[in-house]
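So you know, we letter chains A, B, ... as the sequences are listed, proteins then strands, and number each from 1. Remember, it's a predicted structure, so these values are computed and weren't measured experimentally.
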Amino acid sequence: MAGGQVEKRVKYKSSVKDPGTPGFLRIREGMLLFVPNDPKSDSKLKVLTQNIKSQKNTKEGSNKPPWLNLTNKLGKSHIFEFENYPDMHACRDFITKALAKCEEEPNKSAVSTSSEQLSIKELELRFKLLRENSELQRLHKQFVESKVLTEDEFWATRKKLLGKDSIRKSKQQVGLKSMMVSGIKPSTDGRTNRVTFNLTPEIIFQIFAEKPAVRQAFINYVPSKMTEKDFWTKYFRAEYLYSTKNTAVAAAEAAEDEELAVFLKPDEILARETRQKIRRVDPTLDMEADQGDDYTHLMDHGIQRDGTMDVVEPQNDQFKRSLLQDLNRHAAVVLEGRSIDVESEDTRIVAEALTRVKQVSKADGETTKDANLERLERMSRLAGMEDLQAPQNFPLAPLSIKDPRDYFESQQGNVLNVPRGAKGLKRNVHEAYGLLKESILEIRATGLSDPLIRPEVSFEVFSSLTRTISTAKNIIGKNPRESFLDRLPKSTKDEVLHHWTSIQELLRHFWSSYPITTTYLHTKVGKLKDAMSNTYSKLEVSFEILHLSDRISNWE
Amino acid sequence: MPSVVSKQYSDDVSLLVLLLDTNPLFWSTTSITFSQFLSHVLAFLNAVLGLNQLNQVVVIATGYSSCDYIYDSSLTSNHGNLESNGIGMPALFGSLLKKLEDFVTKDEELSKEEVSEDRIPSCLLSGSLSMALCYIQRVFRSGHLHPQPRILCLQGSPDGPEQYVAVMNSIFSAQRLMVPIDSCYIGVQNSAFLQQASYITGGVHHTPKQLDGLFQYLTTIFATDLHSRGFVQLPKPIGVDFRASCFCHKKTIDMGYICSVCLSIFCEHHKKCSTCGSVFGQSKLDDASSVSDKKRKAPST
């Protein structure tokens, strides 16, 4: 079944008893057309898929012939008898798909009309927030659906939630994958001897970022010399040759195909860039190389990618690539991050954008003559040998050690001013000290008071303490850190907390409506007050159930 | 013999460090006189010493401008001359009262020198807490066998918000040393510092209603050693006043700004933290204030 059309030989019956007129049924997107074989018969039928309400069909296992029964919106049914079951199934599936599409469209149109004030995106954001935060959803359901608050008012206090989300989304950039491109293994098909590479725009971007020679080749060859598909085929052929480590074959193929040779040669552009970087390296680093660590003369430091050792003929040396080169290049690119923001699917645009960026950065990086001189001067200054230099008398810079008292004094800060005359205070203090000293002398003279404590007072103290301890124990429990809420069963606690958040919400809207200037605000305040008294009565009921009202009154 | 000592060393041996409030500005305004108060306290100390042979008591006086050690029961020079004591005074406390008198005189001298700042007439709680903790630390390092220390703070003066940082530091050190700070507040206003101290360190806080029954309160609640507290019900406060004071003005606040680097508390928006020097970004509330400036719009419906 190609395209959007089904054509089958059928017999059309307007009812079950009807023997059926033979003809052709053509089902296209949006329309159904029946043309009878006999041009003179007038049972030509054209039905729009929008008008089809439902379809029924006879089962395969039963002895009935393959019928498809379509009912339209007016109630009329059309029965089509097919030659065999597979035909009928094909038609049925097609109609199902068409019906499903029809249903989508009315919905889409409804949504777009209602969101004239709000964009679809914002609605989606709101739904997402409601879905994620169940507390918010509960509040929303409670207030907006009972018409206490309108949708706008509800979201007015939550601008931060709505706004921040979108900002957060746009600010974060997706970074580069740390998996290496050359680590992607192709799928090999042993049967047909084919090697299949999967290429996604992400991989293309990474290849262009890591291998500037490939990028340059792409800009040069495509679309002038070869198509994109050919380009990538050649590239992956080169990759395959590398992976087989068959340098002789690689050399041979490079000699044949000059474009392939571009991929097999070491990357010239990269080599140029690294040479420049090497020239600019600061030699004043003092690193003593250990003579015993002579691994630098071995290729790959002696480590092969597969762990095998290989011997390479000198003329084929340039066709060999080392693991270290790949790793270093990949790491450098990943650390640089995404240098362009272009998300286009078109490879050419990506390649050009990358080249532009690289050129700009190169221009910035190129040092002028002055900068070079300055650099050389700095190097010679740092690398100077102390004993060969003239004695230097540096000007002394004074030490600036902060006074630690500043920290402690800042803790004193500006103390609250209690209005009192200074002299008056001094006199007070003197008097007070005098009184204190008198007391001490008194006790020294007379000793401890006798009786130390009267029995009635003692008894009162005991009883009050007992009362305090027992009531506190009933209300709070043994653990002083336990709160009142924790002693309630979990469902009640959740309910109480939900009532609290809803009252908070209502109060916020209540107080923001003051001063009442319009009738709208007046009605709003009335509605809020009713909602709040509802919640209060609900709370009362739930506390009654727990017999806590007695305990609360005792406590207060 | 070490074995005899260890046998006598049961787990209810306690070292009680008593911080006595001797702020004259407070004592000139109370219903109970200082001498009556002292007799309750001294009888209580005697009782504590009588509970266990190995119990120790240290008294630190918290004055208006200074603090000092007044009494240490482990020193043998306490048993002073009987002649200097009056009748009815336990022999142990002769030196205590003498030292207290000397301390008050010294404190008076110091407060005269001080520039008369107008400050809340608080006592130097932070100083005496630090001295108590130093003593306890020395006891910890003295050896394997030592009594279980606790601090009892007898205070009536209100809190001085300028001491907030120092007091909180002492409280946290006590928490780390696992030394409970009990507090008995006999003043008029509520003391947030003492409530927080007892809550954080796991001590007992109580505000006696009847000051002439102070002895009864002290012996019922504050005489229990740490081991016995596991099976004795002591009165617990229903709520704790967790208010802090701001670092810039030393006002007591319950809503403010906090530096996310060093957790210093400020009452108003600052550009830079005064403790750690970190620069603050623009306050989010600036957006809110601009919103409220706009005219409140009624919805279009």
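The choice from B/Ser264, B/Pro235, B/Ser28 that makes the most heavy-atom pairs within less than 4.5 Å of chain A is B/Pro235. In terms of heavy-atom pairs under 4.5 angstrom with chain B, the leader among A/Leu441, A/Thr466, A/Ile453 is A/Ile453. Of the listed residues (B/Tyr164, B/Trp27, B/Phe215), the greatest number of heavy-atom pairs within a distance under 4.5 Å of chain A belongs to B/Phe215. Counting heavy-atom pairs closer than 4.5 Å to chain B, the top residue among A/Leu436, A/Val457, A/Leu435 is A/Leu436.
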If you apply the rule side-chain contact (heavy atoms from CB on, under 4.5 Å), what do you find for B/Ser111 with A/Tyr433, and how did you get there?
CA-CA 10 Å; B/Ser111 68; A/Tyr433 272 112; 3.3 Å; yes

Under the criterion side-chain contact (heavy atoms from CB on, under 4.5 Å), I'd like the reasoning laid out for B/Leu97 against A/Ile443: C-alpha separation, chi angles, the key distance, then a yes or no.
CA-CA 9 Å; B/Leu97 292 169; A/Ile443 193 173; 4.1 Å; yes

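The line from CD of A/Glu442 to CD of B/Gln36 is 8.5 Å long, rounded to the nearest 0.5 Å. One distance of note links CD of A/Glu456 with CD of B/Gln210; it measures 10.5 Å at 0.5 Å rounding. Here CD1 of A/Ile440 is found 8.0 Å from OG1 of B/Thr22. Values are rounded to the nearest 0.5 Å.
With a 4.5 Å cut-off on non-hydrogen atoms, B/Lys98 touches chain A through its backbone and its side chain both. Heavy-atom distances place no part of A/Glu438 under 4.5 Å from chain B, backbone and side chain included. Heavy-atom distances place both the backbone and the side chain of B/Glu101 under 4.5 Å from chain A. For A/Ser464, the part sitting under 4.5 Å from any heavy atom of chain B is the side chain, from C-beta outward, and nothing else. Using a 4.5 Å cut-off between heavy atoms, A/Leu465 touches chain B through its side chain atoms alone. The contact between B/Ile221 and chain A is made entirely by side chain atoms (from C-beta outward), counting heavy-atom distances below 4.5 Å.
Take B/Thr105 and apply the side chain to side chain donor-acceptor pair (under 3.5 Å) test, not counting sequence neighbours, and it matches no residue. Annotation: salt bridge (Lys or Arg N to Asp or Glu O under 4.0 Å) contacts of B/Asp107 (sequence neighbours excluded): none.
Residues A/His430 and B/Glu108 form a side-chain contact, since some pair of their non-hydrogen atoms from C-beta on lies under 4.5 Å apart.
Nearest approach of B/Ala43 to A/Leu452, heavy atoms of both residues: CB-CD2, 3.2 Å.
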